[in-house]
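Working notes, structure below.
Below, read A as the first sequence line, B as the second, and so on, with proteins coming before strands; counting in each chain starts at 1.
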There are 2 protein chains.
Amino acid sequence: MDKREDILQAALELFAERGYHGTAVSLIAEKAKVGSGTIYRYFQDKEQLVNELYRYWKTEVAKAVKEDLADNLPLRTLFHETWSRWVEFAMKNRAAYSFLIAHHHAPYLDQASVAINEKIHGEYRIFFEIGRQEQIIKDINPELIMAIVTGIFSEMMREYWAGHLQLTPELIDQAEEACWHAIRR
Amino acid sequence: MDKREDILQAALELFAERGYHGTAVSLIAEKAKVGSGTIYRYFQDKEQLVNELYRYWKTEVAKAVKEDLADNLPLRTLFHETWSRWVEFAMKNRAAYSFLIAHHHAPYLDQASVAINEKIHGEYRIFFEIGRQEQIIKDINPELIMAIVTGIFSEMMREYWAGHLQLTPELIDQAEEACWHAIRR
DNA sequence: CTATCCGGACTGAACGTTCATTCCGCATTA
DNA sequence: TAATGCGGAATGAACGTTCAGTCCGGATAG
């Protein structure tokens, strides 16, 4: 019984559902089945808790997307593989992905969290920059390419979680293809 | 000097920047230069205030996008016109658009707000459904089409406001074209 | 083996602060 | 004078955080 894990898990779910300011520390304690004081044995304060969560899951997604990924795949194949893994992660870890997009630009994220964010963002962007040079991807600002891909993906997940969209394998493929049409030359 | 307007404007900017739970009523009062009690002369409580704001601006965007819009335009032209108006609105009313996307699925939105949401959502979707029948738009779930378009658009604005993207007229056109490529047949 | 002791993980009541909301007296207008 | 609009101090609930005390498993003493 790892209390630190229990606290992180409870906080993740509550922050994802109710937001940072909408979640009282006592509520996290209750859900994690610990005394509220215990939270302060593991985390300096509420802000450190949310940052630790953010960095942990941001890194987890990046790991899940990258691991055992053959390099020198053609870009279209790489895109397909990445898209699939992203979907798989988001569906397996709804609270985590939901938490990440909700806190993406939150003012209480500290320097370290912002740094991790930019690092990972850059790792994805580089692929589109290469594709652009190879004239596979549209000749437009790679930041816009990133916005298109992440925008489509996160909105699709939001609508799925809101119950407006059924994520069948066909729909996931259709979304991927549409996304590719948006960014390919 | 209309205090009700002052309160709505102050609340809009604060909610957009700091979120609902992150904004104290006293802060709204200070920014609007009224006593905190005055807010309760115009609004039942904080929740009614946020809902009134939401419905007001949701309706405003819809109006701005629709007004004086010729019907029987070809869908591609209609899409261009809508995209342009949407951009114009978002840039002229940063706080309002930012507020709207931040509170899109918030749990404190009441029935009336959700109803307006669905009504306007449906008005947009119908165009894509027609385009689908006319075989101009991809033969996929119209909700996915909606998610693609709103996802690209709102992510683009977020990145612009975060300072990561310069919204030049060319970039706006490029984004529109990319978005069209995603959804056209 | 049993009894006693001990460190520190843990709890939750309590603290000071901040919150949303109410209340009341003053100012303004009629 | 009476009625209304308003500001901001007052109120109590809820917040994040603290801390005195409890509990428990293992070390020590008998």
Side-chain angles (χ1 to χ4, degrees), chain A residues 1-57 95 99 102-103 105-113, chain B residues 1-57 95 99 102-103 105-113:
Chain A
M1 213 229 273
D2 186 340
K3 306 220 172 219
R4 193 172 193 277
E5 278 307 312
D6 293 347
I7 293 163
L8 282 167
Q9 185 59 31
L12 176 71
E13 288 169 26
L14 288 166
F15 286 154
E17 223 167 286
R18 312 165 50 99
Y20 177 70
H21 290 297
T23 302
V25 172
S26 62
L27 202 64
I28 300 173
E30 201 182 325
K31 181 153 194 164
K33 287 173 185 152
V34 300
S36 51
T38 306
I39 291 177
Y40 291 86
R41 294 198 52 73
Y42 293 102
F43 305 95
Q44 212 177 80
D45 53 25
K46 196 187 176 188
E47 204 169 309
Q48 203 220 312
L49 171 56
V50 77
N51 274 278
E52 203 130 325
L53 260 184
Y54 188 85
R55 291 193 292 265
Y56 174 75
W57 283 108
F99 167 82
H103 295 77
H105 286 314
Y108 37 79
L109 288 188
D110 62 23
Q111 233 180 333
S113 300
Chain B
M1 213 229 271
D2 187 340
K3 307 221 173 218
R4 194 171 192 278
E5 278 306 312
D6 293 347
I7 293 163
L8 282 167
Q9 184 59 31
L12 176 71
E13 289 170 25
L14 288 167
F15 286 155
E17 221 166 289
R18 312 163 49 98
Y20 177 69
H21 290 297
T23 302
V25 172
S26 63
L27 203 64
I28 301 173
E30 200 182 326
K31 181 152 194 164
K33 287 173 185 154
V34 300
S36 53
T38 306
I39 291 178
Y40 291 86
R41 293 197 55 72
Y42 294 100
F43 305 94
Q44 212 177 80
D45 53 24
K46 194 186 176 189
E47 204 170 309
Q48 201 219 314
L49 172 56
V50 77
N51 274 277
E52 203 131 323
L53 260 183
Y54 188 85
R55 290 193 293 264
Y56 174 75
W57 283 108
F99 167 82
H103 294 77
H105 285 314
Y108 37 81
L109 288 188
D110 61 24
Q111 232 180 335
S113 299

Rounded to 10 degrees, the angle between the two terminal axes of the helix from C/dC1-D/dG30 to C/dA30-D/dT1, each from five pairs: 10°
Could you tell me whether the phosphate oxygens of C/dG12, OP1 or OP2, come under 4.0 Å of any side-chain nitrogen or oxygen in A/Ser36? no
Between A/Gly37 and A/Arg41, which residue's closest nucleotide on DNA chain C lies nearer the 5′ terminus? A/Arg41
5' precedence on DNA chain D between A/Thr23 and A/Thr38 (nearest-nucleotide basis): A/Thr23
How long is the line joining NZ of A/Lys46 and C1' of D/dT18, in whole Å? 17 Å
For atom CG of A/Leu27 and atom P of D/dC15, their distance in whole Å: 8 Å
Atom CD of B/Gln48 with >12 non-hydrogen neighbours under 6.0 angstrom: yes
To the nearest Å, how far apart are A/Asp45 CG and D/dC15 C1'? 14 Å
Atom-to-atom span, CD1 of A/Ile7 to C1' of D/dT17 - whole angstrom: 14 Å
Dump the intermediate steps for side-chain contact (heavy atoms from CB on, under 4.5 Å) on B/Ile28 and B/Leu49, then the final yes or no. CA-CA 11 Å; B/Ile28 301 173; B/Leu49 172 56; 4.1 Å; yes
Rounding to an integer number of Å, can you tell me how far B/Asp6 CG sits from D/dC6 P? 11 Å
Once you round it to whole Å, what is the distance between P of C/dA20 and CD of B/Glu30? 13 Å
How many whole angstroms separate atom CZ of B/Arg18 from atom C1' of C/dT18? 13 Å
Give a yes/no answer on whether the side chain of A/Tyr40 brings an N or O atom under 4.0 Å of OP1 or OP2 in D/dT17. yes
Whole-Å distance separating the CZ atom of B/Arg4 from the P atom of D/dG5: 14 Å
Evaluate the side-chain contact (heavy atoms from CB on, under 4.5 Å) criterion for residues A/Tyr20 and B/His21: first the C-alpha distance (whole Å), next the side-chain angles of each, then the deciding distance (0.1 Å), finally the verdict. CA-CA 8 Å; A/Tyr20 177 70; B/His21 290 297; over 6 Å; no
Is any side-chain heavy atom of A/Lys46 closer than 4.5 Å to a side-chain heavy atom of A/Tyr108? no
Holding to side chain to side chain donor-acceptor pair (under 3.5 Å), I want the full list of residues that pass it with B/Asp6, two or more places apart in sequence or in another chain. none
Any side-chain N or O of B/Tyr42 below 4.0 angstrom from OP1/OP2 of D/dG5? no
Check whether A/Asn51 reaches the backbone of A/Gln111 with its side chain - one donor and one acceptor, N or O, closer than 3.5 Å. no
Start with the C-alpha gap between A/Phe43 and A/Leu8, add the side-chain angles, then the distance that decides, and say whether side-chain contact (heavy atoms from CB on, under 4.5 Å) holds. CA-CA 10 Å; A/Phe43 305 95; A/Leu8 282 167; 3.7 Å; yes
Residue-phosphate contact under 4.0 Å: A/Lys3 side-chain N/O, C/dT11 OP1/OP2: yes
